[in-house]
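Treat the numbers as computed from the prediction; the structure is a model and nothing was measured. These values consider heavy atoms only, across backbone and side chains, with no hydrogens, waters or symmetry-generated copies.
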Amino acid sequence: MSTLARPACLGLLACLLAAPGCYKVPVTGRAAVNMVSDEAVIKVSQEAFADFKKRYPVTRNRAYDQRVQRIGERLAKVAFWDVPAAEWEFVVLEAPDQINAFAMAGGKVGVFTGLFKIVHNDDQLASVLAHEIAHVAAKHVNERLSQAMAIQGGGLIVSGVMSTTGAGALTSNAVLEAYGLSTGIGATGFDRKKEKEADHIGLIYMARAGYNPEEAPKVIENLEQANAGRAMPPALLSTHPSYPERILQMIDLMPKALEIYRQSSQKQAPQLVK
């Protein structure tokens with residue numbers, strides 16, 4: 001068995017041995033495993049988010065903040081039934097060199113000011129925020145922590161043991177590393193399958209919220225241009241799918257997303273930006 005295949009097999013084993021720890025990922029319907037306490041992950045994520053805001057100053061750019069608040073609110077509404085317990089908080093952090101955003105369990109979302117270099121309208125910004133919200137809705141961090149615990153425990157998972165794990169068993173650094181936000185060497189972010197799944201869910205979320213899904217591939221193109229000249233790892237070694245791989249998946253999903261977008265656009269007037 002290859003090393004890459006082990007986490008997936010462990011997840012399947014967990015589902016077979018502990019059905020209460022299984023859940024269905026929104027939109028995609030994929031069966032996934034969650035053997036950690038949702039409450040514990042949310043608690044530690046909130047602590048980590050508070051610490052993050054101490055390390056990066058909140059932006060004073062009101063235009064950036066207002067855009068993120070407006071778009072974030074619309075996306076949070078369409079994701080409500082998938083994450084009903086979330087208390088959404090959207091914060092723009094001053095970091096011009098960071099072309100990035102992230103979301104944590106419980107609804108804590110951070111956007112670095114560097115992201116605005118590659119998002120040129122509300123639809124493009126919505127595609128990024130929807131992607132990050134999708135990670136939360138899919139409980140990707142819970143799944144990754146569950147896989148890590150399974151590996152550390154020799155792959156033996158007993159029903160109810162990990163599901164009762166309290167906040168004390170999770171450290172802020174472990175959670176940050178699971179999100180890919182740690183400064184440690186293990187900070188590899190979510191795997192490629194989860195990134196593609198977040199692209200899929202995010203595309204549907206933005207369409208439901210009335211944002212044009214056709215703008216999502218353009219963000220990937222903008223990101224590619226921004227990274228031009230930088231050494232990029234081969235696709236198989238990267239935690240994110242390659243740019244063409246992500247765009248091709250979006251193109252495949254576009255007919256369904258556009259149908260949802262047209263239906264949602266009939267329910268609300270388009271947002272004009274001056």
Side-chain angles (χ1 to χ4, degrees), residues 23-32 66-90 101-109 111 115-116 118-141 143 190 192-224 240-273:
Y23 67 98
K24 182 180 290 187
V25 175
V27 179
T28 68
R30 177 177 65 88
Q66 289 173 354
R67 285 180 67 193
V68 169
Q69 300 304 326
R70 180 178 67 249
I71 296 169
E73 182 179 348
R74 278 172 60 173
L75 290 169
K77 287 180 180 178
V78 302
F80 173 78
W81 293 110
D82 296 334
V83 277
E87 296 179 359
W88 294 101
E89 179 183 359
F90 296 87
F102 64 91
M104 295 183 171
K108 305 305 177 184
V109 182
V111 178
L115 180 69
F116 291 91
I118 66 165
V119 291
H120 305 316
N121 55 49
D122 278 9
D123 297 293
Q124 292 183 9
L125 180 56
S127 75
V128 177
L129 294 182
H131 172 97
E132 300 304 333
I133 288 173
H135 279 306
V136 175
K139 296 184 180 181
H140 283 159
V141 71
E143 191 175 5
F190 295 115
R192 295 171 65 219
K193 288 184 178 180
K194 291 183 180 62
E195 291 296 342
K196 289 182 70 175
E197 185 169 59
D199 278 346
H200 182 170
I201 299 170
L203 198 70
I204 301 303
Y205 279 173
M206 70 178 294
R208 288 177 182 173
Y211 292 104
N212 185 358
E214 291 180 307
E215 292 295 316
K218 296 179 184 178
V219 176
I220 306 301
E221 293 172 355
N222 296 344
L223 180 60
E224 184 175 19
H240 280 65
S242 66
Y243 298 133
E245 188 178 352
R246 296 181 71 180
I247 291 174
L248 285 173
Q249 176 183 251
M250 290 179 181
I251 292 173
D252 288 341
L253 295 168
M254 197 59 65
K256 180 179 180 180
L258 285 173
E259 181 182 354
I260 295 172
Y261 170 60
R262 284 190 288 267
Q263 293 173 352
S264 65
S265 296
Q266 293 172 1
K267 299 176 184 178
Q268 57 189 352
Q271 181 73 43
L272 299 178
V273 181

If you measure from the Lys or Arg side-chain nitrogens to the Asp or Glu carboxylate oxygens, is any gap between [X] and [Y] under 4.0 Å?
{"X": "Glu259", "Y": "Arg262", "result": "no"}
{"X": "Asp123", "Y": "Lys218", "result": "no"}
{"X": "Arg246", "Y": "Glu221", "result": "no"}

How close do [X] and [Y] get, heavy atom to heavy atom, and via which atoms?
{"X": "Pro26", "Y": "Ala138", "result": "CD-CA, 4.2 Å"}
{"X": "Asp122", "Y": "Arg67", "result": "OD1-NE, 3.1 Å"}
{"X": "Ala103", "Y": "Val136", "result": "CB-CG2, 3.6 Å"}

Does any N or O in the side chain of [X] come within less than 3.5 Å of the main-chain N or O of [Y], such that one atom is a donor and the other an acceptor?
{"X": "Gln249", "Y": "Lys196", "result": "yes"}
{"X": "Glu143", "Y": "Ala32", "result": "no"}
{"X": "Ser264", "Y": "Ala209", "result": "no"}

Subject >> Polar contact flag, side-chain donor to acceptor under 3.5 angstrom, His140-Glu197 >> reply: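 Yes, Glu197 and His140 have a side-chain donor paired with an acceptor closer than 3.5 Å.
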
Original post:
Can you find a side-chain donor-acceptor pair between His131 and Glu195 that sits under 3.5 Å?
Top reply: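 Short answer, yes.
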
How long is the straight-line distance from [atom2] of [Y] back to [atom1] of [X], given to the nearest 0.5 Å?
{"X": "Asn121", "Y": "Ser127", "atom1": "CG", "atom2": "OG", "result": "8.5 Å"}
{"X": "Gln124", "Y": "Glu214", "atom1": "CD", "atom2": "CD", "result": "12.0 Å"}
{"X": "Ile133", "Y": "Phe90", "atom1": "CD1", "atom2": "CZ", "result": "4.0 Å"}
{"X": "Leu129", "Y": "Leu75", "atom1": "CG", "atom2": "CG", "result": "6.0 Å"}
{"X": "Asp199", "Y": "His135", "atom1": "CG", "atom2": "NE2", "result": "7.5 Å"}
{"X": "Glu215", "Y": "Asn222", "atom1": "CD", "atom2": "CG", "result": "9.0 Å"}

Looking at side-chain heavy atoms only, is the closest gap between [X] and [Y] below 4.5 Å?
{"X": "Val27", "Y": "Leu203", "answer": "no"}
{"X": "Asn212", "Y": "Leu258", "answer": "yes"}
{"X": "Met250", "Y": "His200", "answer": "no"}
{"X": "Met206", "Y": "Tyr261", "answer": "no"}
{"X": "Asp82", "Y": "Tyr205", "answer": "yes"}
{"X": "Met254", "Y": "Pro213", "answer": "yes"}
{"X": "Tyr243", "Y": "Leu248", "answer": "no"}
{"X": "Tyr211", "Y": "Leu125", "answer": "no"}

